[in-house]
Amino acid sequence: MIKASDFGPKFTWGVAAAAVQIEGAASQYGKGPSIWDTFAAKSGKIKRNHKLDPACDFYHRYVEDIALVKLLGFKVFRFSIAWSRILPQGRGEVNQEGIRFYHNLIDECLTQGIIPYVTLYHWDLPQALEDEGGWTSFSINAVFNAFVSICALEYGDKVKNWIVLNEPFGYTSLGYMLGVHAPGKTGLSNFFPAVLHTALAQAEGGKILRAEVAKVNIGTTYSCSEILPYTQSDNDILAAKRVDCLMNRLFVEPAQGMGFPTADWDVLEKFQMEYGTWRLQDRMKFDFDFIGLQNYFPLTVKYNAFIPVIQAWEVKAKGRKKPHTAMGWEINADSFYNIVKQFASYPHVKNIMITENGAAYHDKLSNGNVVDAERIDYFKLYLAALLKAKNEGINITGYMAWTLMDNFEWAEGFNARFGLVYTDFHTLKRTIKYSGYWWQEFLKA
Ligand code: BGC
């Protein structure tokens, strides 16, 4: 049986969440609208037309929620700052109530002995900035930098652990290429400029934190998925390589000073020429103290000439019947181990934290209990794979479970339950699931 102590006394155990998904109070206390407020209000964008507000009403219940983090035995709470709560228009006038809210939240963490890990951008761009083009616009970098400076100066005395961006591939692809997340834009002419400005933002955000915050620990997070070719044919192998460039390498390599992975995908070469990104290689570079990896599934891909641009298609893994979560995501801890190793192989990756990992199931509250044995099995499998990678010498220093409580799961609305704590979305009552109690025991041993 694997124990928390197997990871060593210095290992950081935490639980993660994000502003949009939990806070509520979306248009209160001076907060301006974010792209997620706008997107979720449109009919047909969120499953069953779920309304975003009040989500978990964390804004009013953060004291009891931090008490839950503590009760479960975690030392770290990772949360994000809603940009439009600080700057309702994205730039310009600062909302003092918003500033105060995050002071109170940070102070409450510290009072309860919980270390805050603060994400600066977890997908909720102020709508006012989206109206100017959002991440596709060149002007986004200056305003993002100004937002980072405000947060660093305001909270830097108390917060030492910062995450610049949450999953840049997540929001640029889902929000600016496929249109299934906010702001709902599509096509490469939106995706590529969003990618470029995001790659600049991750490095420049890091540089600002380094300059403004003493004794700071700076990271940024990446979604990662092992990409497996369907067969060993050259076509499938090359297709897998292209998808790997897109899903795994697109943001970590510019931060390493390597630029975009143009050599393995000619479309990126064209993007580089068109936008002159090679000239920005130095600006995109930053020496992060740690990188956060977030893993949910592997992907098997097959060559398909009819798919524009990427010429690859996701298929069911050959001969492998793996179990899936309620999101339809394959449970495969070996692929988690492999992708962690892939990221660890970059020469400048010094330190890896798993900043999200978890699973959604169709949890039911019955007689006051949520018996989520599958989620416990999931964590056991993934933690064993992580320990294996760590024991092989990879510098893995922390793990954060996704997520504290069931919350607003983006386009899935409230249907996908990832929490260690069950949220009744009518009464907003929280109930610790069996997996929450499992963590409590695990972290004691
Ligand atoms: C995001 C979370 C999300 C989770 C599960 C990650 O991509 O950072 O906000 O809830 O995946 O889908």
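One-based numbering, in listed order, for ligands and for the atoms of each.
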note = min-distance protein heavy atom vs atom 10 (O) of ligand 1 -> E409 OE1, 2.6 Å
note = Note: ligand 1 atoms sitting under 4.0 Å from heavy atoms of E167 are 6 (C), 7 (O), 8 (O)
note = So the atoms of ligand 1 within less than 4.0 Å of a heavy atom of W402 turn out to be 2 (C), 3 (C), 4 (C), 9 (O), 10 (O)
task = Give me the ring orientation class for F297 and W329: parallel if the planes are under 30° apart, tilted from 30 to 60°, perpendicular past 60°.
result = tilted
inquiry  = I'd like to check which ligand 1 atoms, numbered from 1 as shown, lie under 4.0 Å from a non-hydrogen atom of W123.
reply    = 1 (C), 7 (O)
message = Using a 4.0 Å heavy-atom cut-off, which part of F169 comes near ligand 1: side chain, backbone, both, or neither?
response = neither
inquiry  = Checking contacts here: is it the side chain or the backbone of T221 that comes within 4.0 Å of ligand 1, counting heavy atoms only? Could be both or neither.
reply    = neither
inquiry  = Under a 4.0 angstrom heavy-atom cut-off, which atoms of ligand 1 come close to H122?
reply    = 1 (C), 2 (C), 8 (O), 9 (O)
ask   = Any side-chain donor-acceptor pair under 3.5 Å between H103 and K158?
value = yes
Sub-3.5 Å N/O-N/O distance, W410 and ligand 1 = yes
ask   = Is there a side chain to side chain contact (heavy atoms under 4.5 Å, CB included) between I99 and Y155 once you walk through the steps?
value = CA-CA 9 Å; I99 294 277; Y155 307 119; 3.9 Å; yes
query = Nearest protein heavy atom to atom 4 (C) of ligand 1, by residue and atom, and its distance?
reply = Y296 OH, 3.4 Å
inquiry  = Keeping D406 on the side-chain end and T423 on the backbone end, is there a donor-acceptor pair under 3.5 Å?
reply    = yes
ask   = Which ligand 1 atoms, with their elements, are less than 4.0 angstrom from a heavy-atom of Q294?
value = 8 (O)
query = Between R417 and Y422, is NZ or CZ placed under 6.0 angstrom from the six-membered ring centre and within 45° of the ring axis?
reply = yes
ask   = So is R85 actually on top of F101's ring, under 6.0 Å and inside 45° of the axis?
value = yes
ask   = Which residue holds the protein heavy atom closest to atom 1 (C) of ligand 1, what is that atom called, and what is the gap in Å?
value = E356 OE1, 3.3 Å
inquiry  = At under 4.0 Å between heavy atoms, is it the side chain or the backbone of Q21 that contacts ligand 1, or both, or neither?
reply    = side chain
task = Look at the aromatic rings of W410 and H122 and report parallel, tilted or perpendicular, splitting at 30° and 60°.
result = parallel
request  = Would you kindly say whether N166 and R78 are connected by a side-chain donor-acceptor distance under 3.5 Å?
outcome  = yes
